[in-house]
Amino acid sequence: MSACLPARANVQRRNDAKIIAFFIAFLLACCGLEATAAGPGNAPELMGVCATCHGDFGQGGARGEYPRLAGQSEKYIAKQLQSFRARKRINIPMFPYTEERELSDEDIGIIAGYLASIRLPTALPVFKGHEDALTRLQMMEKVMIVPRAEGDIENGGKIYQEACASCHNKNGRGRGAYPMLVGQYTNYLQKQVSSYRNGERPHDEEDSRGILGTLQDSDIRDILAYLTSIQPRD
Ligand code: HEC
Ligand code: HEC
């Protein structure tokens, strides 16, 4: 047990440093000390505090405990941050970061646009030979391929195209307020489906909880397996 403590203290210190950096950026933005502070150029700084959990490139982590945000729809990200702040969608780990004084509407807009614009390759990089070790490491770290999940891909595809594609897109990449599902961690998607089915999170205004509620557990598993099988290779 005690062996965990130093590691925890390190994480805490890292968190503290990121929170302080976030506040400094925030103060600069408020006081107008830096012309670019409130512009999109500030996004990587705002993102610093999120990176502890969601990764430096918004690629998520801890095998889906922290969802991927990179490449997710801008409108959807902004809507979720507003929901967390209004406590309509409960997210305890993120609670301190979405308080009004931490995350203004303007910051939400900046972060959502920034995260939506990050492209994570799904193919291993081809090195040109002149990259240094750090550049190579960063290129490798950006690659995001969700491991194939087990299930009947054919059945999953059939149900997905009939019941989900009208909103989440035929290719699973979402649009507007409909989130992308392809390229997202399977564990995370499964957790969200469960919370929709338990009525803990509203799925859609048109009550598509109805759709998720009519499916067998095995159908959900098959849909999630299908989603991991249609990741683009680029
Ligand atoms: C302490 C860890 C932690 C930090 C820091 C954090 N998040 Fe999160 N975030 C989470 C967790 C955990 C979830 C998933 C909650 C769930 O399972 O419903 C999440 C979910 C989200 C979602 C919803 C994703 C989806 O697909 O619905 C968004 C958007 C998000 N975070 C954005 C951010 C932004 C922007 C920041 C920085 C301002 C941030 N997070 C900081 C832990 C964190
Ligand atoms: C009528 C439109 C509609 C249909 C059909 C639909 N969804 Fe959704 N789905 C949504 C919306 C809107 C959201 C975002 C809800 C929110 O803002 O919290 C969502 C969110 C989700 C999420 C959470 C994603 C995340 O990043 O947290 C999952 C998982 C999901 N849907 C799965 C499905 C599956 C599986 C099906 C088919 C069985 C389906 N949905 C059908 C509209 C729809």
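In what follows, residues are counted from 1 in the order of the sequence shown. As the structure lists them, so they are numbered: ligands from 1, and atoms in each ligand from 1.
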Shortest non-hydrogen separation from [X] to [Y] and the atoms involved:
X: A123; Y: V143; value: O-CG2, 3.7 Å
X: M144; Y: L120; value: CB-CD1, 3.9 Å
X: P147; Y: T186; value: O-OG1, 4.5 Å

Going by the atom numbers of ligand 2, which of them fall below 4.0 Å from some non-hydrogen atom of [X]?
X: Q192; result: 27 (O)
X: A163; result: 5 (C), 37 (C), 41 (C)
X: L212; result: 34 (C), 35 (C), 38 (C)
X: K79; result: 16 (C), 17 (O)
X: L215; result: 38 (C)
X: Q80; result: 16 (C), 17 (O), 18 (O)

Out of [options], indicate the one that has the non-hydrogen atom closest to [atom].
atom: atom 43 (C) of ligand 1; options: Q184, R201, E102, M94; result: M94
atom: atom 34 (C) of ligand 2; options: P179, C164, S73, A165; result: C164
atom: atom 13 (C) of ligand 1; options: N91, L81, T52; result: N91

- [ ] May I ask you to check if any N/O/S atom from H54 comes under 2.8 Å of atom 8 (Fe) of ligand 1?
- [x] yes
Open item on the list: atom 8 (Fe) of ligand 1 and Y66: any N/O/S contact shorter than 2.8 Å?
Closed with: no
Report, in ascending order of atom number, the atoms of ligand 1 lying under 4.0 Å from any heavy atom of [X].
X: C53; answer: 1 (C), 2 (C), 3 (C), 4 (C), 5 (C), 43 (C)
X: P93; answer: 1 (C), 12 (C)
X: K191; answer: 16 (C), 17 (O), 18 (O)
X: E65; answer: 12 (C)
X: L69; answer: 22 (C), 24 (C), 28 (C), 29 (C), 30 (C), 32 (C), 33 (C)
X: I111; answer: 35 (C)

Task: Flag, side chain of R148 to backbone of A225, donor-acceptor distance under 3.5 Å - done: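 No.
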Task: Check against side-chain hydrogen bond (donor to acceptor under 3.5 Å, both in side chains), T135 and D132 - done: CA-CA 5 Å; T135 310; D132 58 30; 2.6 Å; yes
Report the part of [X] in contact with ligand 1, treating N, CA, C, O as backbone and CB onward as side chain, heavy atoms under 4.0 Å; options are side chain, backbone, both, neither.
X: T98; answer: neither
X: L46; answer: neither
X: C50; answer: both

Task: Within-cut-off N or O pair, R89 and ligand 2, under 3.5 Å - done: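 There is no such contact.
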TODO: Please list, chain by chain and in numerical order, all residues satisfying side chain to side chain donor-acceptor pair (under 3.5 Å) with S229, sequence neighbours excluded.
DONE: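 S229 satisfies side chain to side chain donor-acceptor pair (under 3.5 Å) with no other residue.
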- [ ] Check each heavy atom of Y178 against ligand 2 and say whether those closer than 4.0 Å belong to the side chain, the backbone, both or neither.
- [x]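 For Y178, only side-chain atoms sit under 4.0 Å from ligand 2.
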TODO: Record the part of L181 in heavy-atom contact with ligand 2 below 4.0 Å; permitted values are side chain, backbone, both and neither.
DONE: side chain
Task: Lys/Arg-Asp/Glu bridge criterion (N-O < 4.0 Å) met for K158, D152 - done: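 No salt bridge links K158 with D152.
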Open item on the list: Against the six-membered ring of Y185, is R68 placed for a cation-pi contact (under 6.0 Å from the centre, within 45° of the normal)?
Closed with: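 The answer is no, since R68 fails at least one limit relative to Y185.
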Open item on the list: Looking at ligand 2, is there an atom of it that comes within less than 4.0 Å of some heavy atom belonging to Y76?
Closed with: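 The answer is yes: ligand 2 sits under 4.0 Å from a heavy atom of Y76.
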- [ ] Over 60° means perpendicular and under 30° means parallel, so classify the ring planes of H168 and Y178, tilted if in between.
- [x] perpendicular
TODO: Answer yes if the side chains of Q161 and Y226 hold a donor-acceptor pair under 3.5 Å, and no otherwise.
DONE: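 The answer is yes; a qualifying pair exists.
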TODO: Answer yes or no as to whether an N/O/S atom of H168 is found below 2.8 Å from atom 8 (Fe) of ligand 2.
DONE: yes
